[in-house]
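The structure appears below as structure tokens.
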Amino acid sequence: MKITNVEFIISAVRPDQYPVDAMPEFALAGRSNVGKSSLINKMINRKGLARTSAQPGKTQQLNYYRVNERLYLVDFPGYGYAKVSKVQRQQFGTMIETFLNDREPLRMVLLIIDIRHEPSKDDILMYDWLKHYEIPVCIVTTKADKIPKSKWDKHVKMIKTSLSFHPADRHVLFSSETGLGRDELWALINETIEETAAEAEEAEETAEVSLEKRG
Ligand SMILES: Nc1nc2c(ncn2[C@@H]2O[C@H](COP(=O)(O)OP(=O)(O)O)[C@@H](O)[C@H]2O)c(=O)[nH]1
Ligand SMILES: [Mg+2]
């Protein structure tokens, strides 16, 4: 996708700070240091707009980036960072849970996983949780450049098995270093936006028909 406009909108710490324009949102979840900020930067062709590796785990905020005045990429705080306190961990859980549960414009969660490693307990919990609430998920295995191409398949299989990956979910192989997967991920995002727009239109038509019938 051609990026014509990117704006950092807000580091939101409370729901009343989330944007109200109802543009479709794509949230990125994953453990600290997995490469979320790098992935955003790669997606939007800006080297340093999303901050990489600044005090991992400390930023209990949702960072909103608006792309082409059409959609938001939402960077979640990373989980699984050892140094956060129990209270911080709970706050994090509540914030994310509330967001994922209530956020109407949310279209999909991109769950970012390091291709080199087996998913963590937190990764598995997050995936199960998203499945439970029927939130569309795409698993993005990133840092693909860090292992030889010949091992990609084996690692992806290992990760999918470990997550009990649902065949209806999507998967994209990614590297913020080489740009692998960038076009595929944009295509998926665009497809998802168009699908939900079509569904909304259909629902509207159905509503109009039933109104007419009631006369
Ligand atoms: N080789 C390689 N390094 C990456 C990739 N993605 C992220 N990194 C590095 O991993 C570290 C953590 O990345 P960051 O984007 O800050 O992770 P975040 O905590 O999830 O936002 C940084 O040093 C990045 O340069 C990738 O695809 N390939
Ligand atoms: Mg980050």
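Computation of the quantities below employed the complete heavy-atom set of this structure, encompassing side-chain atoms and omitting hydrogens, waters and symmetry-equivalent molecules. As the structure lists them, so they are numbered: ligands from 1, and atoms in each ligand from 1.
- Contact annotation: for T142 versus ligand 1, heavy atoms closer than 4.0 Å belong to the side chain alone.
- To the nearest 0.5 angstrom, T178 atom OG1 is 13.5 Å from K143 atom NZ.
- Here side chain to side chain donor-acceptor pair (under 3.5 Å) pairs that include residues 147-169, with residues two or more places apart or in two chains, are Y127-D169, K131-D169.
- In terms of heavy atoms, S11 sits closest to Q61 at OG-OE1, 3.7 Å.
- Any N or O atom pair closer than 3.5 Å counts here, and G35 shares at least one such pair with ligand 1.
- The atoms of ligand 1 that sit less than 4.0 Å from any heavy atom of S175 are 27 (O).
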If you look only at distance, which donor and acceptor atoms sit under 3.5 Å apart when one is on a side chain in residues 107-118 and the other is two or more places apart or in another chain?
unit_1	atom_1	unit_2	atom_2	d
R107	NE	T196	OG1	3.2
R107	NH1	E104	O	3.2
R107	NH1	P105	O	3.2
D114	OD1	R116	N	2.9
D114	OD1	R116	NE	3.1
D114	OD2	R116	NE	3.4
D114	OD2	R116	NH2	2.8

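- Contacts between D145 and ligand 1, counted as non-hydrogen atom pairs separated by less than 4.0 Å, involve the side chain only.
- Among the backbone and side-chain atoms of N33, no N/O/S atom is found under 2.8 Å from the Mg ion (ligand 2).
- Ring orientation note: the planes of F165 and H171 are nearly perpendicular, at an angle over 60° on the 30°/60° scale.
- Nearest-residue assignment for atom 13 (O) of ligand 1 (options S38, G78, S32; heavy-atom criterion): S38.
- Checked by distance only, ligand 1 and N33 come closer than 3.5 Å through their nitrogen or oxygen atoms.
- A side-chain donor from one of S120 and D123 sits under 3.5 Å from a side-chain acceptor of the other.
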